Amino acid sequence: MKLNETNYAHWAVIMKAILVRKGLWGVVSEDEPRPLGSENSKAVKAWKRKMEEAHSEIVLNVEPTSPSSSRSRHPPLPTTRIFPDDEDA
């Protein structure tokens, strides 16, 4: 099921289940924070990879629409760390 203009509540439940099954929900919910260490440490690299995988799962499960219109119509999942506003974006 892909997110569209009418199915956010159901999509959010399905999307969380997908992310939990794939071991990615912790980075989305921020229950699994970024590990301490350098950018090149194994732990940080593994965490970043999980973030990338979670981001990909979410993006691939959204109907193509204008990003600004879908953001204004649906309450957000806790994905602030997936779509960072910092220098890594």
Side-chain angles (χ1 to χ4, degrees):
M1 162 185 290
K2 290 192 176 194
L3 175 64
N4 62 38
E5 294 182 10
T6 63
N7 68 350
Y8 176 81
H10 188 82
W11 174 86
V13 171
I14 300 299
M15 193 73 252
K16 180 178 178 182
I18 290 169
L19 294 169
V20 167
R21 182 183 64 205
K22 294 188 173 200
L24 303 172
W25 181 250
V27 294
V28 173
S29 67
E30 298 182 344
D31 289 340
E32 186 179 329
R34 182 186 183 278
L36 298 176
S38 74
E39 294 295 310
N40 293 321
S41 72
K42 286 183 181 182
V44 171
K45 284 182 177 181
W47 182 86
K48 283 185 165 188
R49 180 70 187 138
K50 280 183 154 184
M51 289 294 286
E52 291 168 352
E53 289 178 33
H55 182 180
S56 296
E57 284 295 331
I58 292 169
V59 168
L60 293 171
N61 283 285
V62 175
E63 290 287 338
T65 62
S66 166
S68 60
S69 66
S70 66
R71 283 188 184 151
S72 64
R73 293 184 186 166
H74 303 293
L77 281 173
T79 56
T80 54
R81 299 197 48 94
I82 288 181
F83 304 106
D85 292 328
D86 63 349
E87 66 277 354
D88 293 335

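Only this structure's heavy atoms are used, side chains among them; waters, hydrogens and symmetry mates stay out. Please read these numbers as outputs of a predicted model, since none were measured by experiment.
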message: Regarding E53 and R49, does a basic nitrogen lie under 4.0 Å from an acidic carboxylate oxygen?
response: yes
task: Please determine which of L19, L24, V28 meets the side-chain contact (heavy atoms from CB on, under 4.5 Å) test together with K50.
output: L24
message: If you define the side chain from C-beta out and look only at heavy atoms, does anything of N4 sit under 4.5 Å from W11?
response: no
- prompt: How long is the span from the CG atom in N61 to the CE atom in M15, to the nearest 0.5 Å?
  reply: 4.5 Å
- request: Using a cut-off of 6.0 Å, state whether more than 12 heavy atoms not belonging to L60 lie near its atom CG.
  value: yes
Side chain to side chain donor-acceptor pair (under 3.5 Å) involving N40 - partner list, sequence neighbours excluded: none
query: Looking only at heavy atoms, which two atoms of A43 and P35 are closest? And how far apart?
result: O-CG, 3.5 Å
message: Rounded at 0.5 Å granularity, tell me how far CD1 in I14 sits from CG in L3.
response: 12.5 Å
message: Test of understanding: clusters of I, L, V, M, F, W, Y form through side-chain heavy atoms closer than 4.5 Å, transitively. Do V44 and M51 belong to the same one?
response: no
field: For K22, all residues meeting salt bridge (Lys or Arg N to Asp or Glu O under 4.0 Å), sequence neighbours excluded
entry: E57
